[in-house]
Amino acid sequence: EAGQPAEAATQEAFSGAFSELEDRLGKLSDVILQHAEAQTVGARSLGDSAGTLTLLVLVLGLAAMTAAAAWVVRALTRPMAEAVDAAERLAQGDLATALYAQGTDETIQLLNALARMREAFTGIVRNVKANAESVATASAQIASGNQDLSQRTEQQASALQQTAAT
């Protein structure tokens, strides 16, 4: 029985050490849980931020795509509207408006063709006007010549009548 008090003391020391270890492990477990909860909250916050950032990037991307689409539509329709306007002016006989187009796409080629057509029409009108002025001048000369001939014919007829009367 002499070994029993030593064994009891050892068991009590072991029990005390085990209780202390158990308390320390409990505190460590609590710290780990608190840290895990903080990390979870941080991860959720980061996830929320990432979601917000993703949504922001999507909205900005959509806005940029909309602006780009509007620019492309405008870049395509403005020259076409200019071409239609130029064709309408040419159809109404307006040859004074100059057409300026720069670029290489089909609409610009159409505007350039309309500009060349306007130049050709202007040249034709200039030639017709010059020819009409020549015809007017020739007509005036012919009318003057006819008037002169008529006067001489009347003089000849008068002279012939006087000769016949004598």
Side-chain angles (χ1 to χ4, degrees), residues 1-140:
E1 292 201 13
Q4 266 188 337
E7 197 176 299
T10 305
Q11 189 172 9
E12 191 175 309
F14 177 74
S15 234
F18 186 76
S19 287
E20 186 181 331
L21 179 63
E22 194 174 33
D23 286 344
R24 285 185 178 182
L25 285 175
K27 288 179 184 177
L28 180 61
S29 178
D30 289 343
V31 168
I32 290 173
L33 281 174
Q34 287 174 355
H35 185 68
E37 287 176 4
Q39 291 296 322
T40 301
V41 168
R44 283 188 184 139
S45 175
L46 185 60
D48 291 345
S49 296
T52 302
L53 182 62
T54 301
L55 183 61
L56 180 63
V57 167
L58 284 174
V59 167
L60 289 175
L62 182 61
M65 288 176 58
T66 301
W71 180 81
V72 166
V73 166
R74 189 168 183 225
L76 292 176
T77 57
R78 188 179 54 214
M80 187 57 73
E82 288 176 17
V84 169
D85 185 53
E88 287 292 330
R89 287 192 313 251
L90 285 173
Q92 293 170 0
D94 179 7
L95 300 177
T97 305
L99 302 173
Y100 300 105
Q102 293 178 338
T104 58
D105 67 7
E106 291 81 6
T107 306
I108 300 301
Q109 291 174 1
L110 175 62
L111 280 170
N112 287 331
L114 286 170
R116 288 190 305 273
M117 185 169 63
R118 185 191 68 80
E119 289 298 321
F121 285 162
T122 302
I124 290 170
V125 168
R126 206 174 287 126
N127 287 341
V128 167
K129 184 179 178 185
N131 289 339
E133 287 173 358
S134 294
V135 167
T137 301
S139 295

Distance-only donor-acceptor hits, side chain of residues 60-87, under 3.5 Å, sequence neighbours excluded:
residue, atom, partner, partner atom, Å
Thr66, OG1, Leu62, O, 2.8
Thr77, OG1, Val73, O, 2.8
Asp85, OD2, Arg89, NH1, 2.4

Nearest-0.5 Å distance, CD of residue Glu37 to CZ of residue Arg44: 9.5 Å
To the nearest 0.5 Å, what is the distance between CG on Asn112 and CD on Gln109? 8.0 Å
For Gln11, I'd like to know if atom CD has over 12 heavy atoms of other residues, nucleotides or ligands within 6.0 Å. no
Roughly how far, to the nearest 0.5 Å, is CD of Glu12 from OG1 of Thr10? 10.0 Å
Keeping the roles fixed (side chain from Thr40, backbone from Ala36), state whether a donor-acceptor pair exists under 3.5 Å. yes
CE-CG distance between Met117 and Leu95, expressed to the nearest 0.5 angstrom: 9.5 Å
Using only heavy-atom distances, determine whether the side chains of Asp94 and Thr97 contain a donor-acceptor pair under 3.5 Å. yes
Is there a side-chain contact between Leu56 and Thr52, using heavy atoms and a 4.5 Å cut-off? no
Checking side-chain contact (heavy atoms from CB on, under 4.5 Å) against Val128, which of Val125, Ile124, Asn131 comes through? Ile124
Main chain of Leu25, side chain of Ser29: is a donor-acceptor contact present, judged purely on distance under 3.5 Å? no
Below 4.5 Å, heavy atoms only, C-beta onward: do Asp105 and Ile108 meet side chain to side chain? yes
Could you grab the distance from atom CG of Leu53 to atom CG of Leu46, nearest 0.5 Å is fine? 10.0 Å
Interatomic distance, Glu133 atom CD to Thr137 atom OG1 [nearest 0.5 angstrom]: 7.0 Å
